[in-house]
There are 2 protein chains.
Amino acid sequence: VPNNAPSLKKVVIVGVGLIGGSLGAAWRAASFATRIVGVETNPAAAAQALQLGLVDEISDTVPTDAQLIAICTPSDLVAEQVEMLASLRVPMFDVGSVKAPIIEALLSSGGVSPFFVPSHPIAGSDRSGPDAAHAELFAGATTVLTPLVSTDNKALQLVESAWLACGSEVTRLAPQAHDEMLAVTSHLPHLLAYVFMQQVDPQQLKYSGGGFRDFTRIAAANPELWWRILCMNRDQVLDAADQFTTHLQSFTAALRNNDEVAGLAALREAAQRRNQLDD
Amino acid sequence: VPNNAPSLKKVVIVGVGLIGGSLGAAWRAASFATRIVGVETNPAAAAQALQLGLVDEISDTVPTDAQLIAICTPSDLVAEQVEMLASLRVPMFDVGSVKAPIIEALLSSGGVSPFFVPSHPIAGSDRSGPDAAHAELFAGATTVLTPLVSTDNKALQLVESAWLACGSEVTRLAPQAHDEMLAVTSHLPHLLAYVFMQQVDPQQLKYSGGGFRDFTRIAAANPELWWRILCMNRDQVLDAADQFTTHLQSFTAALRNNDEVAGLAALREAAQRRNQLDD
């Protein structure tokens, strides 16, 4: 825990699935708050989060004495939550992997609360729900904040400290820059893995090794959630897919023509780039 | 070790990199042979394999009293090795991930030795060389044998027992069926991961999570080795890439048209299929 981390009396997590539950576990491990309240409409998930100690209590509504609210619902439900909670004037953040459409939705329906700090922790799992949650999910991950000029500075600092308390690195980007980036680093890989798995005959699974498992793991992620993410970031994702198709055509042309110079250069560039990541 | 595993006096491994070195380690752990001899032209790799105990000794040539020879060179060098060693009339196998072109090359230059049992362990790593080798690489993996009608039955049984001794499951396929299958389950995923990495700006690597790492791990594999594999299985790989493009176009059309029925059905089919694999 950073020395300057505030210790809050009451924080609220709306949605205690993988991300919300992991926030609760991480905050508890860091003694970030005296009391962690979960708001969860799914009774089974609520009971599980409570039993696993991810939250201290479950509440039907957001308590008015909350000092920080984490909105951990799917991206397409964030804007209405922010609108509903704006009158509390409490610092709050979301965790959605698409940012600009949330801000646009708020702008087009009366403005963005200065207490809302759009956030995205770049961490996840192909598993979902409270039983997949764990305190280390954000450790070493990067969390992107996409504040507006109108964002309250104290709210921004508090949200930043909330992520630092989870062991995350925090960085800031413009919402549109975030969405373009994530289209390439997250949304397109999911799309490609899902599309690839459609091509695999279940009988062929027996003839798959560790590389196949790694490559396709993200295709096990929640289809409903991912359809919503892909739709919310549609234009950026389609642009990224077009770029991929161009690269694919160029490489298959090299392979078809036995063009070793071009083919090997492409493979080497890719491998060299991937080797910059240390695992 | 299966109870019926033979204990041999001398086995030879030609090429003591990731696969050959792991065979040595696995055979040693299983007491499969009294003496394991490595033949390796790269002096650094030879010294390392010896130091790591993957082999008992390094020899410049294949000893004539070998009882089993593992040819662990890249696929495109296997045929000439088999031809060179055929006169020893000793059971031998390769480990290449493409089978039909090896057999075709042998057929077109005088025939396939009945002592040669084409093999492919579906196991690997993005790392290479003897220092990546380990005794458990083949444990739980599937090894495919693609024998011909002319293959000697005792050689076939010995090679099968050699793979069983490593903890691998052994299955048999026709060479062409193997190559078609592997184009989908291994070669295409590598191709896609390499192509995808070309599109990623190194500056974006910071904004990548665990899913990205998993999806792109195989793009760190040896480019020279993979160019040779893709070229050897060119027609099957290009067919698989065409199929992928068709699926990709169909999915991006659904996304572009906000066709939730088609889009979600594709994601669900993919996730359901991936979830049949238990990790």
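Below, chain A is the first sequence line, B the second, and so on; all start at residue 1.
Chosen from B:Arg268, B:Gln276, B:Glu269, the residue pairing most often with chain A at heavy-atom distances under 4.5 Å is B:Arg268. Heavy-atom pairs under 4.5 Å with chain B were tallied for A:Val195, A:Asp126, A:Val144; the largest tally goes to A:Val195. Most heavy-atom pairs under 4.5 Å with chain A, from the set B:Ala219, B:Gly209, B:Pro121, B:Ala123: that is B:Ala219. Contact count versus chain A (heavy atoms, under 4.5 Å) is highest, among B:Gln204, B:Gln243, B:Arg213, for B:Arg213. Interface remark: of the candidates A:Val237, A:Leu205, A:Ile122, A:Leu188, A:Ile122 forms the most heavy-atom pairs closer than 4.5 Å to chain B. Between chain B and the options A:Tyr194, A:Phe215, A:Phe251, heavy-atom pairs under 4.5 Å are most frequent for A:Phe215. The residue among A:Leu191, A:Thr245, A:Leu182 with the most heavy atom pairs within less than 4.5 Å of chain B is A:Leu191. Top candidate by heavy-atom pairs under 4.5 Å with chain A, chosen from B:Leu173, B:Asp242, B:Asp201, is B:Leu173. Heavy-atom pairs under 4.5 Å with chain B were tallied for A:Asn275, A:Val184, A:Ile218; the largest tally goes to A:Val184.
At least one side-chain heavy atom of B:Arg234 sits under 4.5 Å from a side-chain heavy atom of A:Asn258. A heavy-atom distance below 4.5 Å is found between the side chains of B:Leu248 and A:Leu192. B:Leu238 places a side-chain heavy atom less than 4.5 Å from the side chain of A:Leu255.
Between A:Phe196 and B:Phe244, the ring planes lie tilted relative to each other; the angle falls in the 30° to 60° range.
Of the two parts of A:Asp235, neither the backbone nor the side chain holds a non-hydrogen atom closer than 4.5 Å to a non-hydrogen atom of chain B. Both the backbone and the side chain of A:Gln199 come within contact range of chain B, with heavy atoms under 4.5 Å apart. Neither the backbone nor the side chain of B:Asn233 comes within contact range of chain A, judged by heavy atoms closer than 4.5 Å. Contact of B:Ala193 with chain A is made through backbone and side chain together, with heavy-atom distances under 4.5 Å. Contacts between B:Thr142 and chain A at a heavy-atom distance below 4.5 Å involve the side chain alone, from C-beta outward. Using a 4.5 Å cut-off between heavy atoms, B:Thr216 contacts chain A through both its backbone and its side chain. Looking at B:Gln198, both its backbone and its side chain come within 4.5 Å of chain A, counting heavy atoms on both sides. Heavy atoms of B:Thr171 lying under 4.5 Å from chain A belong exclusively to its side chain. With a threshold of 4.5 angstrom between heavy atoms, A:Thr246 does not approach chain B through any atom at all. Heavy atoms of B:Ala141 lying under 4.5 Å from chain A are absent altogether. Contacts between B:Tyr207 and chain A at a heavy-atom distance below 4.5 Å involve backbone atoms as well as side-chain atoms. Heavy-atom distances place both the backbone and the side chain of A:Glu260 under 4.5 Å from chain B.
Residues of residues 220-231 of chain B placed with any heavy atom under 4.5 Å of a heavy atom in chain A are listed by number as B:Ala220, B:Ala221, B:Pro223, B:Glu224, B:Trp226, B:Trp227, B:Leu230, B:Cys231.
Judged purely by atom type and a 3.5 angstrom limit, A:Arg273 uses its side chain to pair as donor or acceptor with the backbone of B:Val200.
Going from atom NE2 of B:His247 over to atom CE of A:Met197 covers 11.5 Å, rounded to the nearest 0.5 Å. Distance check, rounded to the nearest 0.5 Å: CZ of B:Arg217 to CG of A:Leu277 gives 9.5 Å.
Between B:Ala241 and A:Thr252, the closest heavy-atom pair is CB-CG2, 3.9 Å.
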